[in-house]
Amino acid sequence: SSKNQNQTMVKSTQTSSQHLFIVVLLIAWTYYFCYKPQFWPFIWSDGYGYHVWLRHLLNGDLSFCSELSFPKKYSHTFASLHEQTGICSNMYPPGVGLAKLPIALFGNIAKNSDVDPTKYEQYMSLAFALMLLFVTTWLCLKISTILGASASFSQYSVATFTFGSGLFHYSSYFSSFSHVYSAFWSVAALYSLLIGRRIGAAIGVAAGTFLILTRATNIVFFPLLIAFLFIAWTKQHSDSKDFKPMRSILQEKGFYTRVAPLCLGGLLGVLLQVSLNSISFGKLTISSYSASGAFEFGGEQALNTLRVLFSTGNGVVTYQPILVIGIFAALANRSTRHFGTLALIGFLFYLAVYSTWVDWHLGHSFAHRGFVELGPIISIVFALMLTHARLLVQLFSIALSLLAASFTTLLMLSNWSFSLPIIDAKFDQLLTAATGTLLRTDQWIMFASSILIWMLCASKALAENLHTLPHLKKQIQSTLNKQHS
């Protein structure tokens, strides 16, 4: 019935006490980073290009020519003059600046291009990104339990992926960049699809709009998240283990009422971005990067694909192996294979985009930042996989993901202590960073504490699944019998 379609899709969420470990983990790391900042200013590099939209939106000035007259030493050139219109465009889209508008209500914002962002802007930019991180993790936990994942496995998965994917780094050290914003809007979009109702529709419109206005590559989330809803919908509305026929799902009104707001928001975002581009360029232009000659095709593409995956400087497999572990674990499990396929499609999309990008590494960064926004969605799929997997698979997957998250966190701390370069790191530098020999005592304490909390999360989850031990004993006995025979 339509009443049932507007209800939450499956299980109610667990109490916040069941997620105590991840709350303690995030608060501890937030306090640690803010108490002992690793660098200044917080707004720098690409982040300044995103942030500068805030002052121009407040001024009502959509031309960035004044920024060319007062370049900042902590940023690079992001504006370019178009002679046909006399307007200087910003190559970065306005989504981050628009999202930050609320901070202008409570403090001083520097509105002139000849001055640096105020201290209030710097700290509020950091605080705003960390707030988005907290909400993102909460939404991931909420969505995981809505889809039927164990609250404990959800906590473990989200906790490890938050650090293993680089999301915490891009919510703190690189907080002015766009990735935590993309991550937030992607899970907000998925949440809107799953809950339905009027509040879901409002969230869907906002999420769809801001996904497009934050990063152009976020367009991949629209088909992936709608397909995610379709798979979840078929499992929810089917009485058997088989999927409900596609035609039957597509004929249900409730499915479209969930999808329409997100698509409407995406269309609105596209229209706004194309309008801004066209005004600046003086012609119909889809991408704000059009003047930079962004894509390169040819012989370098295959080599760049390997670099994106395995480079010692920015390779996603090298620095963020938990993303690959999460995808393949989901693909290997029958109950999550369809979700894993969607995650793999998203991963391959980004791989194709960045291997043809003029700067495949996306400049100075930690790990390959182009894949960070996939982390929350994969963490949800991984939580579902752990919930439905056998105990041996759970143990193996937890061991691999724990090692991966620990490795990435160790590299992150090495990056903070400047013992690991943020671009073009050599193998010996990566190896030194992986041993942690150059870390300070306080960094070792944070690292060891994080591993302890992740292990407590895993222990709590496994303890709740001890009923699978009889099956494990039968499985071991069967193996021993086969070997004996």
Side-chain angles (χ1 to χ4, degrees), residues 16-39 126-127 129-138 140-141 151-175 180 183 319-323 325-326 366-367 372 375-376 379 382-383 386 394-395 397-420 432-464:
S16 58
S17 61
Q18 290 179 296
H19 299 136
L20 179 62
F21 289 133
I22 190 172
V23 172
V24 171
L25 181 70
L26 290 177
I27 290 176
W29 273 96
T30 299
Y31 176 79
Y32 172 74
F33 183 85
C34 295
Y35 178 75
K36 197 169 186 177
Q38 308 300 315
F39 73 103
L126 171 63
L130 287 169
M131 180 192 71
L132 289 182
L133 172 67
F134 274 77
V135 179
T136 299
T137 55
W138 179 82
C140 287
L141 294 169
S152 297
F153 278 128
S154 299
Q155 178 177 231
Y156 171 78
S157 180
V158 175
T160 49
F161 270 82
T162 297
F163 290 85
S165 68
L167 182 60
F168 184 82
H169 180 86
Y170 284 94
S171 305
S172 53
Y173 196 99
F174 280 96
S175 59
V180 67
Y319 282 78
Q320 301 142 291
I322 200 170
L323 297 178
I325 292 170
F366 168 73
V372 171
S379 74
F382 192 65
L386 289 175
Q394 290 172 345
L395 290 170
S397 300
I398 286 174
L400 284 180
S401 56
L402 186 60
L403 287 172
S406 300
F407 178 73
T408 301
T409 304
L410 195 61
L411 294 183
M412 179 185 75
L413 288 169
S414 297
N415 184 256
W416 290 8
S417 62
F418 305 104
S419 58
L420 179 66
T432 301
T435 61
T437 54
L438 300 179
L439 294 187
R440 303 187 304 264
T441 302
D442 57 298
Q443 292 177 319
W444 271 114
I445 292 173
M446 291 302 299
F447 177 66
S449 301
S450 298
I451 294 177
L452 176 61
I453 292 178
W454 293 329
M455 292 179 68
L456 289 173
C457 290
S459 300
K460 184 175 186 293
L462 291 171
E464 295 177 358

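The figures here come from the full heavy-atom set of this structure, side chains too, leaving out hydrogens, waters and symmetry mates.
By the ring-ring contact (aromatic ring centres under 6.0 Å, His included) test, Phe382 pairs with Phe161, sequence neighbours left out. Residues passing the side chain to side chain contact (heavy atoms under 4.5 Å, CB included) test with Ile445 are Thr441, Ser449, sequence neighbours excluded. Applying the side chain to side chain donor-acceptor pair (under 3.5 Å) rule to Trp138 yields no partners; only residues at least two apart in sequence or on another chain are considered. For Leu132, the side chain to side chain contact (heavy atoms under 4.5 Å, CB included) partners two or more places apart in sequence, or in a different chain, are Phe128, Val180, Tyr181, Phe184. Listed by chain and residue number, Ser419, Leu420, Ala433, Leu439 satisfy the side chain to side chain contact (heavy atoms under 4.5 Å, CB included) test with Ser414 (two or more places apart in sequence, or in another chain). Checked against ring-ring contact (aromatic ring centres under 6.0 Å, His included), Phe447 has the following partners two or more places apart in sequence or in another chain: Trp444. For the side chain to side chain contact (heavy atoms under 4.5 Å, CB included) test, residues two or more places apart in sequence or in another chain that qualify with Thr160 are Tyr156, Ile322, Ala405, Trp454. With sequence neighbours left out, Ser406 forms a side chain to side chain donor-acceptor pair (under 3.5 Å) with no residue at all.
Under a 3.5 Å cut-off, the side chain of Gln155 and the backbone N or O of Ile22 do form a donor-acceptor pair. Checked by atom type and distance alone, the side chain of Ser157 pairs as donor or acceptor with a backbone atom of Ser379 at under 3.5 Å. Checked by atom type and distance alone, the side chain of Ser401 pairs as donor or acceptor with a backbone atom of Ile398 at under 3.5 Å.
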Under the side-chain contact (heavy atoms from CB on, under 4.5 Å) criterion, do Cys140 and Thr162 qualify, and how do the steps go? CA-CA 10 Å; Cys140 287; Thr162 297; over 6 Å; no
Can you list the steps and then say if Gln394 with Phe153 is a side-chain contact (heavy atoms from CB on, under 4.5 Å)? CA-CA 10 Å; Gln394 290 172 345; Phe153 278 128; 3.6 Å; yes
For Ser175 and Leu130: C-alpha separation, side-chain torsions, deciding distance, then whether side-chain contact (heavy atoms from CB on, under 4.5 Å) applies. CA-CA 8 Å; Ser175 59; Leu130 287 169; over 6 Å; no
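Here the closest non-hydrogen pair linking Thr136 and Ala183 is CG2-O, 4.1 Å. Nearest heavy-atom pair, Leu386 versus Ser397, reported as atom, atom and distance to 0.1 Å: CD2-CB, 3.8 Å. Residues Arg440 and Ser417 share a closest heavy-atom pair of NH1-CB, 4.4 Å. Residues Met455 and Leu402 share a closest heavy-atom pair of CG-CD2, 3.7 Å.
Rounded to the nearest 0.5 angstrom, His169 NE2 and Gln320 CD are separated by 10.0 Å. Rounding to the nearest 0.5 Å places CD of Gln18 at 10.0 Å from OG of Ser154. To the nearest 0.5 angstrom, Ile451 atom CD1 is 12.0 Å from Met446 atom CE. With rounding to the nearest 0.5 angstrom, the CG atom of Leu20 is 9.0 Å from the CD1 atom of Ile453. Once rounded to the nearest 0.5 Å, the distance linking CG of Leu126 with SG of Cys34 reads 4.5 Å. Taking OG1 from Thr30 and CG from Leu25, the interatomic distance works out to 9.0 Å, rounded to the nearest 0.5 Å.
Under the 6.0 Å cut-off for aromatic ring centres, Phe366 and Trp416 do not qualify, their centroids lying 6.0 Å or more apart.
The residue from Phe168, Tyr319, Phe407, Tyr170 that alone fulfils the ring-ring contact (aromatic ring centres under 6.0 Å, His included) condition with Phe163 is Phe168.
Ring pair Tyr31/Tyr35 is parallel by interplanar angle, where below 30° counts as parallel and above 60° as perpendicular.
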